[in-house]
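All remarks here apply to the structure that follows.
Along the sequence shown, the residues carry numbers beginning at 1.
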Amino acid sequence: MPAVGQGALAIEARADDHQILKLLQSLDDRATRLCCTAERALLRELGGGCQLPIAAHGTSTGGRLRLDGMVASPSGDQLVRDTIDGDADDAERIGALLADRLIERGARELLSNG
């Protein structure tokens with residue numbers, strides 16, 4: 001399973017540069033944006049960054065979003081994994097809910113033992 005946001009391109013622009021933001025709209029892929037939103041919500045809820053063994057992979061089809069998540073111990077000998085799906089428009093909530101489920105299964109302890 002890949003790290004959060006792997007394979008997605010991000011373009012930054014100034015929030016007040018409306019001309020550039022309008023031009024960039026054509027590059028937005030809604031399904032990818034929603035998957036990344038869910039993946040990043042999971043990472044934020046777990047309190048992780050790019051140095052912790054947290055993985056997520058979102059897929060969006062037909063208005064539904066499936067999010068697979070995994071947390072491993074730093075040594076890699078233990079892991080917790082789970083999957084959730086829901087309405088793609090609830091991407092933020094889906095990521096947070098999956099993080100909560102991973103925490104219930106011991107993710108926090110795996111991360112704190114590193």
Side-chain angles (χ1 to χ4, degrees):
M1 191 176 312
V4 170
Q6 290 293 298
L9 294 176
I11 299 173
E12 291 186 28
R14 292 183 308 275
D16 63 347
D17 193 336
H18 301 288
Q19 182 179 1
I20 292 296
L21 292 173
K22 186 169 177 70
L23 287 171
L24 292 175
Q25 281 180 342
S26 66
L27 299 176
D28 179 48
D29 181 80
R30 183 175 187 274
T32 300
R33 178 173 29 85
L34 291 172
C35 289
C36 285
T37 296
E39 291 176 15
R40 293 182 73 194
L42 176 135
L43 185 66
R44 189 173 40 259
E45 286 291 315
L46 291 171
C50 59
Q51 300 301 315
L52 293 173
I54 299 171
H57 183 248
T59 53
S60 179
T61 308
R64 302 291 294 169
L65 190 143
R66 174 190 165 119
L67 183 62
D68 295 292
M70 182 185 78
V71 175
S73 62
S75 64
D77 62 336
Q78 295 178 307
L79 63 88
V80 293
R81 236 185 137 137
D82 208 340
T83 301
I84 191 171
D85 72 350
D87 188 309
D89 289 330
D90 291 330
E92 185 84 29
R93 185 179 69 79
I94 289 169
L97 287 172
L98 183 54
D100 289 343
R101 285 170 50 172
L102 292 170
I103 289 167
E104 287 174 10
R105 297 183 64 203
R108 185 87 64 215
E109 290 78 14
L110 290 180
L111 294 171
S112 66
N113 289 333

Worksheet item: How close do L111 and A72 get, heavy atom to heavy atom, and via which atoms?
Response: CD2-O, 4.4 Å

Discussion item. Quick test of your reading of the model: are R30 and D28 salt-bridged, counting only N-O distances below 4.0 Å?
Written reply: no

Discussion item. Just verifying a value: how many Å separate D68 CG and L98 CG, rounded to the nearest 0.5 Å?
Written reply: 8.0 Å

Discussion item. I want to check something: taking the side chain as every heavy atom from C-beta on, are L102 and L42 in contact at a cut-off of under 4.5 Å?
Written reply: yes

Item to complete: Might you point out which heavy atoms bring G95 and L67 nearest each other, and give the distance in Å?
Response: CA-CD2, 3.6 Å

Worksheet item: Is there a donor-acceptor contact under 3.5 Å from the side chain of S60 to the main chain of C35?
Response: no

Worksheet item: Which atom pair, heavy atoms only, marks the closest approach of G58 to E39?
Response: N-OE2, 2.8 Å

Practice prompt. Step through the shown structure and confirm whether more than 12 heavy atoms of other residues, nucleotides or ligands are within 6.0 Å of CZ on R33.
Written response: yes

Worksheet item: Does L97 belong to the same Ile/Leu/Val/Met/Phe/Trp/Tyr cluster as M70, with side-chain heavy atoms less than 4.5 Å apart forming each link?
Response: no

Discussion item. Does I103 form a side-chain contact (heavy atoms from CB on, under 4.5 Å) with L46? I'd like the steps, not just the answer.
Written reply: CA-CA 8 Å; I103 289 167; L46 291 171; 3.6 Å; yes

Discussion item. Show every salt bridge (Lys or Arg N to Asp or Glu O under 4.0 Å) that has at least one partner inside residues 91-102, sequence neighbours left out.
Written reply: R44-E92, D82-R101, D90-R93

Worksheet item: How long is the gap from CG on L65 to CG on D87, to the nearest 0.5 Å?
Response: 9.0 Å

Hey, can you pull the donor-acceptor pairs under 3.5 Å for the side chains in residues 3-21, sequence neighbours left out?
{"from": "R14", "atom 1": "NH2", "to": "D17", "atom 2": "OD2", "distance (Å)": "2.8"}
{"from": "D17", "atom 1": "OD1", "to": "I20", "atom 2": "N", "distance (Å)": "3.3"}

Worksheet, complete the sentence: The reported gap from OG1 in T32 to CG in L27 (rounded to nearest 0.5 angstrom) is 12.0 Å

Worksheet item: Any side-chain heavy atom of L34 sitting closer than 4.5 Å to one from I94?
Response: no

Worksheet item: For the atom pair CD (Q78) and CG (L110), what is the distance rounded to the nearest 0.5 Å?
Response: 5.5 Å

Item to complete: Identify whether L43 and V71 are in the same connected component of the hydrophobic contact network (ILVMFWY, side-chain heavy atoms under 4.5 Å).
Response: yes

Worksheet item: Around atom CZ of R81, are there more than 12 heavy atoms of other residues, nucleotides or ligands at under 6.0 Å?
Response: no

